[in-house]
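Contents: one structure, followed by commentary.
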Amino acid sequence: MEKENKKQPHIDEELMMSLMVDGVRKEGIKEPSQDIEKVEEQRNAEDTHLRKNSVSKQKKQTKQSVETDYESIFFKKSDTNARDGKTVYIRPEFHEKLIRIIHIIGEDKITIYAYLDNLLDNHFDEFSQQITKSYNEKYKPI
């Protein structure tokens, strides 16, 4: 039944044979008007399919570049040591997530301290203007 439902394209065997013998003339190939519409529909369908594939490829490439950027930003060694910092308490579930991230993505090449240092550094760089604005709006000197 599936074979019956699929439409096979009409192939003009005489035209194909004449093309093989004579080649294509300067005037081009004369096709009946009905076949032209079918060919255009088929081309449009192929173009749509190609566009969808190219969009998905772009998404994959973008995702790969974001992953590479993430690793280059957050999985670099810190300039300071943990002993130079301060003690901060975090939730146990966050600690567990951080350990897994560092172990798998970071391949145990950096410490929790270095990862958190990079996270906070990026956070303050990205939101510095908003933080400053909010701080200045709420800070009222005596």
Show the atom names and distances, to 0.1 Å, of all donor-acceptor pairs under 3.5 Å that link a side chain in residues 116-128 to residues at least two apart or in another chain.
unit_1, atom_1, unit_2, atom_2, d
Asp117, OD2, Ser78, OG, 2.9
Asn118, ND2, Phe74, O, 3.0
Asn118, ND2, Lys76, O, 2.8
Asn118, ND2, Ala114, O, 3.1

Side-chain donor-acceptor pairs of residues 81-104 under 3.5 Å, sequence neighbours excluded:
unit_1, atom_1, unit_2, atom_2, d
His103, ND1, Asp108, OD1, 3.3
His103, ND1, Asp108, OD2, 2.7

Could I get the full list of side-chain hydrogen bond (donor to acceptor under 3.5 Å, both in side chains) partners for Glu107, not counting sequence neighbours?
Lys109
Please check this pair: side chain of Ser134 against backbone of Ile131, looking for a donor-acceptor N/O pair closer than 3.5 Å.
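Such a contact is absent between Ser134 side chain and Ile131 backbone.
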Do Tyr113 and Ile73 land in one hydrophobic cluster if side-chain heavy atoms of ILVMFWY residues count as linked below 4.5 Å?
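Different clusters.
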Decide if atom CD of Glu137 counts as having more than 12 heavy atoms of other residues, nucleotides or ligands within a radius under 6.0 Å.
yes
